[in-house]
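Each remark here refers to the structure printed beneath this line.
Predicted model, so just to flag it, every value in this text is computed and none were measured.
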Amino acid sequence: MNIAIKKLNERFESYYYSRLYLWITGAVILFSGLFALEVFAFYYIVINLVLSSLFCKSTKPAVMLVISVVFAVSYKHYPSWNNPSEAEQSFLSSPFMVGTIIFLAVICAAAFTAHLVVYKKFSDVFVKPKRLSSGLLFFAVALLLNGFGFEGYTIKNLWFAAIEAVAFLFIYFYFSGTLSDDDSGYEYFCHASAVALLIVFIEVSVKFFAAAYGKDIVNKNDIFLGWGISNNIGVIFVLTMPACAYLAIKTNKSYIYFSLLALGMFGTLFTLSRASILTAVGVIAATVTYVVVKKRSDRKKIVSLVGVALASIIIMLSVWGLVPKFFDFLIKTKMDDRGRFGLWEIGFEWFMKSPSFGVGFGYDDLSFSKNYFFGLITFHNTPIQLLAACGLFGLAGYIVMRAQSIMLFVEKPTEARFFMAVAVGALIVNSLLDNHIFYFYPMFLYMFNLIYAERDLNITVFNSPLYIPER
């Protein structure tokens, strides 16, 4: 019986640890995003989560599901005023879909718990020390105390903070303790990120050229998918491009992954998101610098990089005449702040109303904030957002969490952690012009980069992916 179970486990692991699984999952997610097949995609995700949780020692197959599930939401069902069909707009909030999502969420929770039981990992998740645990817990407390003592306090403050804190704490503690590979598992994550990048590139390309068809210019307001607007889309490219760069350097198929890196840059341009374009250029610059400095003797990688760069330049020159149409928004807007400076001034005004713990995420003083589920998610700058909503205590929690995460990259650096640092650094810079750390899909990619960075550092220091404190 034990032999039969062991062979069954080996077969499941052989599939779920393979790139075939990643590409099949990517295809399901993509077709759902393009053709509004959310119900099928959600069931596919949950079934594979259950099977991989029960029959795989490592939870790395779940990583692909977690980082890509949101991309399955189609433009057709985007819950926005931009969607002309009220019936389609309300699909995700219909009683049928709400019931389906709750049902599947319960199964997911059971699957996550079952994995801990079957593979006896409660200790790894809840007991064994972790490098980032104190900083993340401090940040979670700082979020939960948003608006404390302010006269305009509302229960929405606690509700929003609890959702945020539970999300990043769950990702960190659960996957830190259950990614039980002997190595860091980062290469698998990079392949999953590459698939995610390609999914988003195809989705945004379809939307971009649809927005351009029959029109004089492409309007930035027309660039949105089922799961987010242009800025949300752009940051996904920024977070997945470093993984492609790492695979280009690590594997023998440099030309494929440098090509994906180039697609990420083109995809970012299609979003018309200036912050994402700037940080994506930074990712490209970091990659080119690393190759030139560290890999200049590797002729194959140099040739691949130069070849992809030349091909990209040729493509851009061939469509140069369409630049005024495609990128009218960027040409006219240039570096205009588009109201950000005014928002930042308001943020500091709100901070001064309650310097210690802020006015809270649910503070609803201005009319523009009524357009958001929670009032105070609109300042386009994470430090100012935290000062306004959580005060000095919230910013202190963020700084402590950030300091701990930076230490992962400066202690005994490795090639893998360099590219994780590029991804994390790009998000930090991007978040000076937006609030991506509060949105689940970039948050998940960001947290997984930290998890793999910690595992890589532990292997470098202790020859083990788990942290071994000094005695």
Side-chain angles (χ1 to χ4, degrees), residues 15-16 18-49 51-52 60-80 83 88 91-92 97 100-101 104 108 188-213 222-230 232-241 243-244 247 253 256-257 259-271 273 276 280 439-442 444-445 448:
Y15 170 66
Y16 280 114
S18 71
R19 296 178 201 174
L20 175 63
Y21 157 71
L22 297 178
W23 286 107
I24 290 175
T25 300
V28 171
I29 298 293
L30 176 62
F31 275 91
S32 176
L34 293 177
F35 304 112
L37 303 173
E38 288 93 342
V39 175
F40 170 73
F42 291 165
Y43 270 96
Y44 169 89
I45 287 169
V46 172
I47 289 170
N48 282 275
L49 176 64
L51 292 175
S52 62
K60 64 183 182 181
V63 173
M64 176 63 188
L65 304 176
V66 171
I67 67 174
S68 64
V69 58
V70 69
F71 308 142
V73 181
S74 66
Y75 158 72
K76 181 179 179 181
H77 294 147
Y78 180 58
S80 166
N83 194 321
E88 293 174 349
F91 175 76
L92 292 178
M97 278 307 298
T100 298
I101 291 171
L104 294 178
C108 288
Y188 183 91
F189 172 72
C190 288
H191 284 291
S193 297
V195 174
L197 183 148
L198 190 58
I199 292 170
V200 178
F201 175 77
I202 295 172
E203 288 185 349
V204 78
S205 297
V206 170
K207 193 70 178 71
F208 181 84
F209 289 107
Y213 182 75
D222 291 334
I223 307 302
F224 63 95
L225 298 173
W227 45 272
I229 61 174
S230 61
N232 307 137
I233 303 166
V235 77
I236 298 301
F237 288 117
V238 169
L239 283 165
T240 52
M241 286 169 63
C244 296
L247 291 175
K253 297 180 179 179
I256 292 177
Y257 296 108
S259 297
L260 281 174
L261 186 65
L263 288 182
M265 187 68 245
F266 282 120
T268 310
L269 287 170
F270 291 162
T271 69
S273 170
S276 295
Y439 304 139
F440 290 149
Y441 29 103
F444 292 163
L445 283 164
F448 279 121

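Contact between Ala72 and Phe42 at its shortest, heavy atoms only, is CB-CE2, 4.3 Å. Summarising the geometry of Gly264 relative to Met241, their closest heavy-atom pair is C-SD, 3.8 Å, with the distance given to 0.1 Å. Contact detail for Ile29 and Glu203: the closest heavy-atom pair is O-OE2, 4.2 Å. Scanning all heavy atoms of the two residues, the minimum distance from Ser276 to Gly234 falls at OG-C, 3.3 Å. Here the closest heavy-atom approach between residue Leu49 and residue Cys108 is recorded as CD2-SG, 3.6 Å. The shortest heavy-atom contact between Ser193 and Ile67 is N-CD1, 4.3 Å.
Here CZ of Arg19 is found 11.0 Å from OH of Tyr188. Values are rounded to the nearest 0.5 Å. Taken from CH2 in Trp23 to CD1 in Ile199, the straight-line distance is 8.5 Å, to the nearest 0.5 Å. Taken to the nearest 0.5 Å, the CG atom of Leu92 stands 6.0 Å off from the CD1 atom of Ile101. Remark: Phe237 CZ to Cys244 SG distance equals 10.5 Å, nearest 0.5 Å. Remark: Leu30 CG to Leu198 CG distance equals 7.5 Å, nearest 0.5 Å. From Leu197, atom CG reaches atom OG1 of Thr240 across 3.5 Å, with rounding to the nearest 0.5 Å.
Remark: Ser32 pairs with no residue by the side chain to side chain donor-acceptor pair (under 3.5 Å) rule, at least two apart or across chains. Applying the side chain to side chain donor-acceptor pair (under 3.5 Å) rule to Ser68 yields no partners; only residues at least two apart in sequence or on another chain are considered. Evaluation of the side chain to side chain donor-acceptor pair (under 3.5 Å) rule for Tyr441 yields no partner, not counting sequence neighbours. By the ring pair (Phe, Tyr, Trp, His ring centres under 6.0 Å) test, Tyr43 pairs with no residue at all, sequence neighbours left out. For Asn48, the side chain to side chain donor-acceptor pair (under 3.5 Å) partners two or more places apart in sequence, or in a different chain, are Tyr16.
Using the six-membered ring where Trp is involved, Phe40 and Tyr44 have ring planes that are tilted, between 30° and 60° apart.
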Test log, rule side chain to side chain contact (heavy atoms under 4.5 Å, CB included), inputs Thr25 and Val195: CA-CA 9 Å; Thr25 300; Val195 174; over 6 Å; no
Determine, step by step, whether Val63 and Phe448 satisfy the side chain to side chain contact (heavy atoms under 4.5 Å, CB included) criterion, reporting the C-alpha distance in whole Å, the side-chain angles of both residues, the deciding distance to 0.1 Å, and the verdict. CA-CA 8 Å; Val63 173; Phe448 279 121; 3.7 Å; yes
Before giving the answer on side chain to side chain contact (heavy atoms under 4.5 Å, CB included), spell out for Val39 and Met97 the whole-Å C-alpha distance, their side-chain angles and the decisive distance to 0.1 Å. CA-CA 8 Å; Val39 175; Met97 278 307 298; 3.6 Å; yes
Candidate pair Ile236 and Asn232, rule side chain to side chain contact (heavy atoms under 4.5 Å, CB included), full reasoning: CA-CA 7 Å; Ile236 298 301; Asn232 307 137; over 6 Å; no
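Other residues, nucleotides and ligands contribute more than 12 heavy atoms inside 6.0 Å of the OH atom of Tyr15.
Two residues are said to be in side-chain contact when any heavy atoms from C-beta on lie closer than 4.5 Å; Phe444 and Leu239 fail this criterion.
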What side-chain donor-acceptor pairs closer than 3.5 Å can you find for residues 205-213, not counting sequence neighbours?
residue, atom, partner, partner atom, Å
Ser205, OG, Phe201, O, 2.6
Lys207, NZ, Asp222, O, 2.8

